[in-house]
Amino acid sequence: MPELPEVETMCRGLAPIVGRRIAAVEFPRSRVRPSPVRPGRTALARRVTGRHVEAVQRRGKRVILELSGPSGSEALWLVVEPRMTGLMLLVDPPSPEHVRLVLTLAGPRGHSLRDHGPRRLLFWDRRGLGTIRLCDARGLEAACGSRVLGPDGLQVTAADLEARLRSSRRAIKVALLDQRAVAGIGNIYAAEILFRSRIDPRSACRRLRREHWERIAAETRAVLGEAVRLEGSSIGDETYRTVDARVGRFQTRHRVYGRADQKCGVCGTPIVRIVQAQRATFFCPRCQSRARR
DNA sequence: CGTTCAACCTGGGCGC
DNA sequence: TGCGCCCAGGTTGAAC
């Protein structure tokens, strides 16, 4: 579920945990993935317990907690990939049985009196496809480095896209989901970006011209930026929420995603749903034209 | 290089 | 009611 805007909203919401100490770690029914730091859950909990949250960052669709070590030891990073249904929560979860990670938080260094910060951080994931990795500096590079993730969607340029996709035979919609090409776009935003760019999602990348790449890059930044300002897209119950369990508001701005058979807001033609690379694609067959170069 | 498929999981919705 | 099927915001690896 969460794409860049949702993950960015999570990260911003986690600002209050920066500086806090991790007093306890539990991994009920979670998937801990192999990484250069490869402890089991027990050892992982032991390595994380007692560290302080130094920073919260986002790379693509990943949440990264930077954990400072005891003096003299190196930093570690907890990398969380929410995948389809994962949520970071500072409040009670929708259901207790789907909580995958519990970080019990204590006050900032040296302060325990009058502690009003968040008492715990939860990773809740109904489907359980999300992943948690503990990484050292090398592992962080392997998990989130430039070999894995392309330029961030909020800053991507036409030159970035053109350099990576110009000669690709893939359909542009499929290519926009490739995190090595551009990091952070998922199924909702790919559809919305291409609608606003007026480009048919089936267009082969190699058929696109400079003007197309300019439009796609500009709309990528605009759509993702607007979605961040509206705190992401919440569709349905027990779906994406902010860390306080509030709903996002960008779903009201969706022009094509999830709107099969409804009239296009621009031309009135029914929105079409097709399948590309095993994923639904929504577009307006009239407003979005096929690039043929 | 690219596409397709299965797999990883849970749960809501729909037709019968 | 119940069953089977399809669907879902993501990613990976194998097969072709």
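Proteins come first, then strands; the chains are lettered A, B, ... in the order of their sequence lines, and each starts at number 1.
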Could you go step by step and tell me if D178(A) and L176(A) meet the side chain to side chain contact (heavy atoms under 4.5 Å, CB included) rule? CA-CA 5 Å; D178(A) 181 347; L176(A) 287 179; over 6 Å; no
What one should report as the nearest heavy-atom pair of A245(A) and L89(A) is N-CD2, 4.5 Å
Name the residue from Q276(A), K173(A), E3(A) that meets the side-chain hydrogen bond (donor to acceptor under 3.5 Å, both in side chains) definition with N187(A). K173(A)
Over all strands shown, is Y257(A) touching base, sugar-phosphate only, or nothing at heavy-atom distances under 4.0 angstrom? sugar-phosphate
Can you tell me, in whole Å, how much space there is between the P of dC6(C) and that of dC5(B)? 14 Å
Within the 4.0 Å heavy-atom criterion, would you say G128(A) contacts the bases, only the backbone, or no part of the nucleic acid? nothing
All heavy atoms of V79(A) vs all of C144(A), minimum pair found to be CG1-SG, 4.0 Å
How long is the gap from OG1 on T269(A) to CD1 on I271(A), to the nearest 0.5 Å? 8.0 Å
When the nearest nucleotide of DNA chain C is assigned to V148(A) and to E6(A) on a heavy-atom basis, which residue is associated with the more 5' position? E6(A)
Going 5' to 3' along DNA chain B, between which two nucleotides do contacts with chain A fall, using a heavy-atom cut-off of 4.0 Å? dG2(B) to dG11(B)
Could you tell me how far apart E3(A) (CD) and dT11(C) (P) are, to the nearest whole angstrom? 9 Å
What is the distance from CG of N187(A) to P of dG10(C), rounded to the nearest Å? 6 Å
Taking atom P in both dC5(C) and dA6(B), compute the distance separating them and give it to the nearest angstrom. 14 Å
What distance do R100(A) atom CZ and E97(A) atom CD have between them, rounded to the nearest 0.5 Å? 9.0 Å
All heavy atoms of P2(A) vs all of M10(A), minimum pair found to be CG-CE, 3.6 Å
Per-nucleotide pairing state of DNA chain B [Watson-Crick or G-U, under 3.5 Å; [ ] pseudoknot-crossing; | other strand]: .|||||||.|||||||
dC9(B) and dG2(C), which share atom name P, separated by this distance in whole Å: 27 Å
Counting only heavy atoms not in R249(A) (residues, nucleotides, ligands), do more than 12 fall under 6.0 Å from its CZ? yes
List the residues meeting ring pair (Phe, Tyr, Trp, His ring centres under 6.0 Å) with Y189(A), not counting sequence neighbours, and say none if there are none. F250(A)
What is the distance from CD1 of I235(A) to P of dC7(C), rounded to the nearest Å? 17 Å
Taking I172(A) as the fixed residue, which of I193(A), D200(A), L194(A) is the one that meets the side chain to side chain contact (heavy atoms under 4.5 Å, CB included) rule? L194(A)
May I ask you to say whether E231(A) pairs ionically with R246(A), meaning some side-chain N is under 4.0 Å from a carboxylate O? yes
Residue pairs, two or more places apart or on separate chains, that pass side-chain hydrogen bond (donor to acceptor under 3.5 Å, both in side chains) and touch residues 254-268 of chain A: S233(A)-H254(A), R259(A)-Q262(A)
Ignoring hydrogens and angles, tell me if any N or O in the side chain of R166(A) forms a donor-acceptor pair with the backbone of R207(A) under 3.5 Å. no
Tightest non-hydrogen contact, residues R180(A) and V148(A), listed as CG-O, 3.2 Å
Can you list, in residue-number order, the parts of residues 167-181 of chain A that come under 4.0 Å of DNA chain B, counting heavy atoms only? S168(A), R169(A), R170(A)
Any residue in residues 271-282 of chain A with a heavy atom nearer than 4.0 angstrom to DNA chain C? Just list them by number, or reply none. R273(A), R279(A), A280(A)
